[in-house]
Amino acid sequence: MDRVRVRFAPSPTGYLHVGGARTALMNYLFARHHGGVFVLRIEDTDLERSSRELEEQLLDTMLWLGLEWDEGPRIGGAYGPYRQSERIDIYKRYAEELVKSGKAYRVYASPEEIDQVRERLVGSGRPPHFSFEDFQEYMTPEREKEYNERGENPVIFFKMPRKAYRLADLIKGEINFKEGSIGDFVILRSNGLPTYNFACVVDDHDMEITHVIRGDDHLSNTLRQLAIYEAFEWEPPRFAHVSMILAPDGSKLSKRHGAVSVEEFAKQGILPEAMVNFLALLGWSHPEGREILSLRELIESFDLDRVHSSPAIFDVKKLYWMNGVYIRNCDIERIAQLVVPYVASSGLMTKDQIDANIKWFKAAVDAVRSSVELLSEFPDKLRIFLEEPEIPEDIIFQIKEKGLRQIFQELQDGLASLENWTPEAISSAIKKVLKDFKVDRKDFYKSLRKLLTGAEEGPELLNVIYLLGRGKVLKRLEKVKSQA
RNA sequence: GCCCCCAUCGUCUAGCGGCCCAGGACACUGGCCUUUCAAGCCAGAGGCAGGGGUUCGAAUCCCCUUGGGGGCGCCA
């Protein structure tokens, strides 16, 4: 087999949808696994909806995911340009070639007129499939002259052969398209730009793409593209159609189902490796059933033969769980850095305050990370260390009621006289008072927690005491004494 | 309407004719651990859409039905 060359070809018309991200990932993994080339091509022939800003954002998101391309925007390559808007002469030339060989034809008609033809077809009970004969009145020399004088361009239609096509899809298996299932279609628009199906074929051929891995919403496009390859007598690439990602209700995943773009998940605090790992498992499985896999491991074990063909529902709960796994296992230096912007924008601490207390910050992040699935949940968990809690009034009463007053005072003294404020020192101070006073340990710990944080649950108490700092702890302990 | 794709626990999936009275993961339930919550560990409940074939034998192969999805644009 020749060297593998695959491509991801998004249109910069919005954020990177998770479905697109998965397609990109599979192309990337396939290329890397086979030591091939991963090309990024920008399909920006829809002038209305494409923008350069969105393209930049798209590229940044790709890099955030860790999907570096070998050829494409920003870095170029031997097969460029990689933006379709910069290749329009190429498409024109190829379209012209098809017209010359009689495999395509010019139609001097407006979109409205073509709509009328379609309506006429449907009205007479025929499927909306155009053919050469339907456009006779728009192909007259008079029409052509009219167009030339006005400086307008005709559209170029491709003559779709009325024959059956067969596709050996790498994922779906053999697919048969019946004869006459579609009609002639536009390959070059009146504004001189190519349509998707045409540009796609021309580029894939010129860029020597060997494998086209894309969503199966393109399956019916493949029929058209196969016909174009045939018209040029080009050898088509191998196709692999991955099934779509669906919403929980089984419909197409869209904005009304919540977050659907990689950017949104990134904002929520999904780590890129969790996003990648989760997406890889949507439609693909590891040979040994492993689920937590790094990019490296994915590259190592990924191949098309384990991609299966049924659609997958996007289960955000599992994504969150997986992200929690990554948050727990992440290097503390890195996780702390990732949490910084979330805490800063919450107003709990400024960036400078964090920098000035970075050791403390890391310990705090470490103390709460096991209860978090998203980076955005950190500020709320860190709050107990930073804000004055509301201590329930009755806690002092309860402490006295349970006969804990003395031990609390003893603890206060013990903590106050500690030489170093370290978890170890705090721990031994607690052990000491616990030895001196015969109290119910459960009562003691629970009451202490409530007195210090106002809550009945939270991180390990020793951590809480240490991270709260001596000042706050002593002050809260003081209440027991003063309200005696 | 026409064309195409898909169908294993609620969800992601393993399974590619006997190893399956179907295995794993998330979620769920119970227990253990723990000062609490979380994490972790253990256990449990839960599925081959339906009907026909083929075969000694079918979740696995074929056909039909049903259900879901995609497409039928001078969008990609």
Side-chain angles (χ1 to χ4, degrees), chain A residues 9-13 20 43-46 48-50 84 107 109-111 114-115 118 122 125-129 153-157 167 169 171-173 175-178 180-183 185-197 199-200 214-223 241 243-244 246 248 250-252 278 281-292 305-306 308-322 324-325 328 368-373 381 430 440-450 453 455-462 464:
Chain A
S11 63
T13 54
E43 308 218 330
D44 56 352
T45 54
D46 183 349
E48 254 89 89
R49 298 196 300 142
S50 300
Q84 290 189 329
V107 174
S110 67
I114 287 170
D115 282 345
R118 183 184 291 109
V122 175
R126 291 206 286 145
H129 296 169
N153 298 313
V155 287
I156 297 181
F157 269 83
L167 168 67
D169 191 90
I171 293 172
K172 306 263 183 200
I175 295 167
N176 292 294
F177 297 98
K178 283 204 181 100
S181 52
I182 55 165
F185 56 91
V186 174
I187 55 173
L188 205 71
R189 300 183 269 215
S190 50
N191 63 4
L193 295 180
T195 57
Y196 166 73
N197 283 301
C200 185
R214 59 177 18 162
D216 76 354
D217 48 335
H218 284 292
L219 218 37
S220 57
N221 286 321
T222 307
L223 168 58
H241 286 94
S243 282
M244 312 236 313
L246 271 26
S251 66
K252 200 170 171 176
F278 179 74
L281 256 24
L282 241 38
W284 174 85
S285 61
H286 185 274
E288 286 147 37
R290 291 183 52 203
E291 301 219 302
I292 301 297
D305 58 1
R306 289 192 69 83
H308 81 163
S309 55
S310 53
I313 287 174
F314 193 89
D315 180 14
V316 79
K317 280 246 187 79
K318 187 157 182 174
L319 203 213
Y320 288 168
W321 162 77
M322 191 171 274
V325 172
R328 271 172 257 131
V368 301
R369 77 209 278 202
S370 71
S371 64
V372 153
E373 287 187 319
K381 299 288 177 185
I430 290 175
D440 184 288
R441 296 169 72 97
K442 220 168 199 164
D443 273 349
F444 170 77
Y445 280 117
K446 281 189 164 179
S447 301
L448 183 55
R449 173 183 296 282
K450 208 162 180 185
T453 69
E456 286 175 345
E457 77 258 8
E460 199 186 314
L461 199 45
L462 191 63
V464 172

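No hydrogens, no waters, no symmetry mates; every other heavy atom, side chains included, goes into these values. Proteins get letters first, then strands, A, B, ... in listed order; numbering begins at 1 in each.
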Can you tell me the base-pairing partner of B/rU66? Count Watson-Crick or G-U wobble geometry only, both distances below 3.5 Å, and say none if there is no partner. B/rA7
On RNA chain B, compare the nucleotides closest to A/S285 and A/A9; which residue's is nearer the 5' end? A/S285
Short side-chain N/O contact from A/K442 to OP1 or OP2 of B/rU35, under 4.0 Å: no
If only side-chain N and O atoms of A/R306 are considered, is one of them under 4.0 Å from the OP1 or OP2 phosphate oxygen of B/rG15? yes
Check every atom of B/rU13, B/rC26, B/rG71 against the side chain of A/K318 and return the nucleotide holding the closest atom. B/rC26
With nearest nucleotides of RNA chain B determined for A/K252 and A/G180 from heavy-atom distances, which residue corresponds to the more 5′ nucleotide? A/G180
Using Watson-Crick geometry (N1-N3 plus N6-O4 or O6-N4) or G-U wobble (N1-O2, O6-N3), each under 3.5 Å, B/rC32 is paired with B/rG40
In whole angstrom, what separates A/D217's CG from B/rG68's C1'? 16 Å
Which nucleotide in B/rU35, B/rC5, B/rG69 has an atom nearest any side-chain atom of A/E460: B/rU35
Out of B/rC5, B/rU11, B/rA76, minimum distance to the side chain of A/L219 belongs to B/rC5
Side chains of A/R214 and A/T222: is there a donor and an acceptor less than 3.5 Å apart? yes
Pairing partner of B/rA22 (Watson-Crick or G-U wobble, both distances under 3.5 Å): none
Could you tell me whether the side chain of A/T195 has a donor or acceptor atom within less than 3.5 Å of a complementary atom in the base of B/rC74? no
Check whether any side-chain N or O of A/H308 sits under 4.0 Å from OP1 or OP2 of B/rA14, and answer yes or no. yes
Considering only the P atoms, how many Å lie between B/rG70 and B/rC12, rounded to the nearest integer? 16 Å
So, does A/R441 get its side chain near the phosphate of B/rU34, meaning an N or O under 4.0 Å from OP1 or OP2? no
Atom C1', compared across B/rA49 and B/rC37: separation rounded to whole Å: 42 Å
Check nucleotides 38-44 of chain B against the protein and report each pair of N or O atoms closer than 3.5 Å, with its distance, or say if there are none.
unit_1: B/rA38; atom_1: O2'; unit_2: A/S370; atom_2: O; d: 2.5
unit_1: B/rA38; atom_1: N3; unit_2: A/S370; atom_2: OG; d: 2.9
unit_1: B/rA39; atom_1: O3'; unit_2: A/R328; atom_2: NH1; d: 3.1
unit_1: B/rG40; atom_1: OP1; unit_2: A/R328; atom_2: NH1; d: 3.2

Quick one: A/L282 CG to B/rC12 C1', roughly how many Å, whole number? 7 Å
Hey, does the side chain of A/T45 come within less than 4.0 Å of B/rA76's phosphate (OP1/OP2), counting only N and O? yes
